[in-house]
> 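Here it is, the structure in full.
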2 protein chains.
Amino acid sequence: MRADAKRNYDKLLQAAREVFRERGLEAPLDEVARRAGVGAGTLYRHFPTRDDLLNALMQAFIDRLDAAAEAAIAVDGSPRERLLCWIRGGVAEVTYSKGAAAKLTAALGDDESRIATKAAAFAQASGRVVEALGVDLRPGLDGVQLARLVGGLAMVVDQGDLDESSFAPLADVLVDGLLAPTVVGS
Amino acid sequence: MRADAKRNYDKLLQAAREVFRERGLEAPLDEVARRAGVGAGTLYRHFPTRDDLLNALMQAFIDRLDAAAEAAIAVDGSPRERLLCWIRGGVAEVTYSKGAAAKLTAALGDDESRIATKAAAFAQASGRVVEALGVDLRPGLDGVQLARLVGGLAMVVDQGDLDESSFAPLADVLVDGLLAPTVVGS
DNA sequence: ACCTGAACACCGTTCAAGT
DNA sequence: ACCTGAACACCGTTCAAGT
């Protein structure tokens, strides 16, 4: 890639990061080009669709999501506490940008999605938590299912601008439902 | 309301019902006006915003939701079966139109929403199920919380086009988390 | 009173002309 | 090769002119 192209590519990513954070993932793309100081055509050359731009932005997001999963697995406490840590961490990361939860959850079952690799990373991070919790979880649960539930809760938070006191009881319901019957109520 | 105005109002509702069903809740409004055979201005006179149009359409939807709640309460079986019936019925109604789940869930905590009355009806239907299940449910649960969880699951189904086999385990997680600890695992 | 539809605004997307 | 930005298309919304 030519030096000026690389520079424009980076300027677009930085501008998109700012614009999407301020105005959500449906923000006008011409604002992204304008703030990056490039023509509209340059944006479309580098990122043919909005989701391609989003996909490039999401690398850092996935890194944080992986870190949240590792942190949850490493929690020194009960299975319940480890699971709750992942649900809290996962929801917090996935709701970082308005609309991201819906896009990621939709991409979980769609290989054709432009952000399919990011959704797969979300499912894999969930899968690592599932494996770490092992027999403490209800049998048959897999990473995709857990990611869907975390994504669903994240969408509720995203749509409703829920604060901590509204979020906590919903997370509790999810945790109790996810734990193996013998552990529930302990 | 003048006779011709009433006629246009009804034609717009019928056209919107068809267009929203075919193309989702974000379908172009000029298509609604075109199919109703009226000018664009007439649409905006009767329904200043898209959500006002949606709100008018949703009356029938709320009636079906109420019926689903009554049916769940009347189920001759365990609390688990009654709750599962409501979750299945609620999700089925709320996902009837693509995008409806997200709109309704967002409106659950927003009195300013143009569909606030419909969201309130959703919460009340959930609340009736909560009351009917009484001590079988985890303590502290209210209709809004249950509606949020049903809405979250409905958004997951809506976003991912889930089939029955993918939906069932997620509904099971929710049911187990919602039941009182002493009942879980029975 | 209510309706029509042309007109304007906004934004996504393309492409001819430039460097 | 890559970039620019004018141009086109689409759709939401308004409003002057009609009935």
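So you know, we letter chains A, B, ... as the sequences are listed, proteins then strands, and number each from 1.
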> Measure the distance from CG on A/Asp30 to C1' on C/dT14 and round it to the nearest whole Å.
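It is 15 Å, rounded to the nearest whole Å.
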> Mind calculating the distance between CZ (A/Arg50) and P (C/dC11) to the nearest angstrom?
11 Å
> Could you tell me whether B/Asp163 atom CG has more than 12 heavy atoms of other residues or ligands within 6.0 Å of it?
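Atom CG in B/Asp163 is crowded, with more than 12 foreign heavy atoms closer than 6.0 Å.
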> Could I get a table of every N or O pair under 3.5 Å where one atom is in the protein and the other is in nucleotides 3-10 of chain C?
residue : atom : partner : partner atom : Å
C/dC3   : OP1  : B/Asn8  : ND2          : 2.4
C/dT4   : OP2  : B/Gly39 : N            : 2.8
C/dT4   : OP2  : B/Thr42 : OG1          : 2.7
C/dG5   : O6   : B/Gly41 : N            : 3.1

> Give a yes or no on whether the backbone of B/Ala100 and the side-chain of B/Ser97 come within a donor-acceptor separation of less than 3.5 Å.
no
> Check the distance between D/dC11's C1' and B/Leu29's CG and give it to me in whole angstrom.
9 Å
> Mind calculating the distance between NZ (B/Lys11) and P (C/dC2) to the nearest angstrom?
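After rounding, the gap between these two atoms is 15 Å.
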> Using a strict cut-off of less than 4.0 Å between a Lys/Arg side-chain nitrogen and an Asp/Glu carboxylate oxygen, indicate whether A/Lys98 and A/Asp161 qualify as a salt bridge.
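Judged by the 4.0 Å cut-off on N to carboxylate O distance, A/Lys98 and A/Asp161 do form a salt bridge.
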> So that I can tick it off, tell me whether B/Arg80 and B/Asp176 are bridged by a salt bridge, with the cut-off set at under 4.0 angstrom between side-chain N and carboxylate O.
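Yes.
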> Validate the cation-pi geometry between A/Arg64 and A/Tyr96: distance from NZ or CZ to the six-membered ring centre under 6.0 Å, angle to the ring axis within 45°.
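So A/Arg64 does make the cation-pi contact.
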> As a check on the pairing definition, encode DNA chain D in dot-bracket form, counting Watson-Crick and G-U wobble pairs whose two distances are under 3.5 Å, and using | for partners outside this strand.
||.|||||...|||||.||
> Rounded to the nearest angstrom, tell me the gap between atom CG in A/Asp52 and atom P in C/dT13.
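That distance rounds to 11 Å.
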> Find out if a path of hydrophobic residues (ILVMFWY) with successive side-chain heavy-atom gaps under 4.5 Å connects A/Leu149 to B/Leu84.
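Shared cluster, yes.
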> With a cut-off of under 6.0 Å to the ring centre and 45° to the axis, is B/Arg114 in cation-pi contact with B/Phe47?
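No - B/Arg114 does not lie over the ring of B/Phe47 by the 6.0 Å and 45° rule.
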> Taking CZ from B/Phe47 and P from C/dC2, how many angstroms apart are they, rounded to a whole number?
13 Å
> Mind checking whether B/Arg50 and B/Phe20 have side chains closer than 4.5 Å, heavy atoms only?
yes
